[in-house]
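These numbers come from a predicted model, not from an experiment. Just follow the structure's listing: the first ligand is 1, and inside any ligand the first atom is 1.
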Amino acid sequence: MKPVAHITCKRKAPDAALFVGSGKADEIRSLARLHGASEVLFDQALSPAQQRNLERYLELPVNDRTLLILEIFAQRALSHEGKLQVELARLQYLSTRLVRRWSHLERQRGGIGARGGPGEAQIELDRRMISESIKRTKDRLSKVKRQHATQRRQRERRDAFRISLVGYTNAGKSTLFNTLVKAHAYTADQLFATLDTTTRQLYLEKAGRLVSLSDTVGFIRDLPHTLISAFQATLQESIDADLLLHVIDASNENYSEQLAQVQKVLKEIGASEVNQILIFNKIDLLAPSSQPTLFQDFYDLEGRSVPRFFLSARDSLGIDALRLALSEIVLSSQQLSSCDAVEWHSGNP
Ligand SMILES: Nc1nc2c(ncn2[C@@H]2O[C@H](COP(=O)(O)OP(=O)(O)OP(=O)(O)O)[C@@H](O)[C@H]2O)c(=O)[nH]1
Ligand SMILES: [Mg+2]
């Protein structure tokens, strides 16, 4: 599907019935007719009622940002757990929108049904089918989650230091992951290239030990709440980590907004207290005048001073300095935990 036209609108508050004003809705309708559009997509979350009213008004299928993100997620999910999570989020989304949605369109197309469109009985049947599917998917998901929790506990028992890559979608997390572990995670110039958490062992020479490194799903502005809860298990990896590498596309003009969005999601999933290092990536794309003079400094992250590294994951530029810093952090955390142990012993003769 390709966009044929787009239209923006400024309003103090969304209209309860149509989301936009009726004048704007008329404009959308003429534009859609002019371009022969087959669907209208809103880059915002619509309520079920708004969506229904808009479809009636525009006489076209109307979808919203949540559904678009769900569709992209559905295409990208690879693991069994990821697929189940997307399926569940999609069913839950659908179940709120199953109210005579298509009746008016089917009537126009001379559709079947006694009084045009699916009857109440059909809707009731669909609803029951969806709620059964929701239950089945939930059961399957909780089984997979139990298995994963066991695996996670086993990893924890091995006492690994855990590092997670987090950041806005397309920031370069998977590229950095590959560069660091020389693995081959799927990278692509598209949103949500990665949906499943991949974990590999990373050897840090200076620390003389292995740590575990996880690549995670990218974050995005206004991530719908249903999706946050659907991906809670996947994002759990970042909450459980000892250290977050927050990757930022420094060449993106909206990088500071994206950084703030990621911070917001981290708060929502309860990971805002985990230590962070900021990675300003893609410096190869910066103009000579914007190149950093220092490749390592500190950044004021909501009142916390956190280490920041400038690098290019694609060109392996600045990677050695990052590996060195990671080694130092791992070593000092080891010292800290052995100090704890000593204190504990001295306090308990
Ligand atoms: N020029 C340049 N491009 C980069 C760099 N790092 C990543 N990219 C490109 O940016 C795009 C996105 O990279 P990914 O590693 O897939 O990004 P991601 O953060 O894993 O994205 P999601 O999985 O979608 O969240 C790809 O086209 C990469 O080749 C870099 O340092 N410089
Ligand atoms: Mg990725």
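- The cationic group of R209 does not satisfy the cation-pi geometry with F161, failing either the under 6.0 Å distance to the six-membered ring centre or the 45° limit from the ring axis.
- Every atom of ligand 1 with a heavy atom of G172 under 4.0 Å away is listed here by number and element: 7 (C), 13 (O), 14 (P), 15 (O), 17 (O), 18 (P), 19 (O).
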(message) Is there a salt bridge (charged side-chain N to carboxylate O under 4.0 Å, His left out) between R52 and E55? Walk through the geometry before answering.
(response) CA-CA 5 Å; R52 215 163 47 236; E55 285 189 335; over 6 Å; no
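- In summary, the atoms of ligand 1 found under 4.0 Å from a heavy atom of L285, numbered by their order in the structure, are 1 (N).
- Distances shorter than 4.0 angstrom occur between a heavy atom of A171 and an atom of ligand 1.
- Inclusion of T175 in the first shell of the Mg ion (ligand 2) is not supported: no N, O or S atom falls under 2.8 Å.
- Look at K173 and D215 and you find no salt bridge, because none of the NZ, NE, NH1 or NH2 atoms lies under 4.0 Å from a carboxylate O.
- Classification of K206 and E328 as a salt-bridged pair fails, no side-chain N sitting under 4.0 Å from a carboxylate O.
- With contacts defined as side-chain heavy-atom distances shorter than 4.5 Å, the pair L245/L326 qualifies.
- No salt bridge links D320 with R323; every basic N to acidic carboxylate O contact stays at or beyond 4.0 Å.
- In terms of N/O distances under 3.5 Å, ligand 1 is approached by K282.
- Residues passing the side-chain contact (heavy atoms from CB on, under 4.5 Å) test with L68, sequence neighbours excluded: L41, I72.
- The closest non-hydrogen atom to atom 32 (N) of ligand 1, taken over D284, D315, I283, comes from D284.
- Looking at T175 against ligand 1, both its backbone and its side chain come within 4.0 Å, counting heavy atoms.
- Of the N or O atoms in T216, none lie within a sub-3.5 Å distance of an N or O in ligand 1.
- At least one N or O atom of A313 sits closer than 3.5 Å to an N or O atom of ligand 1.
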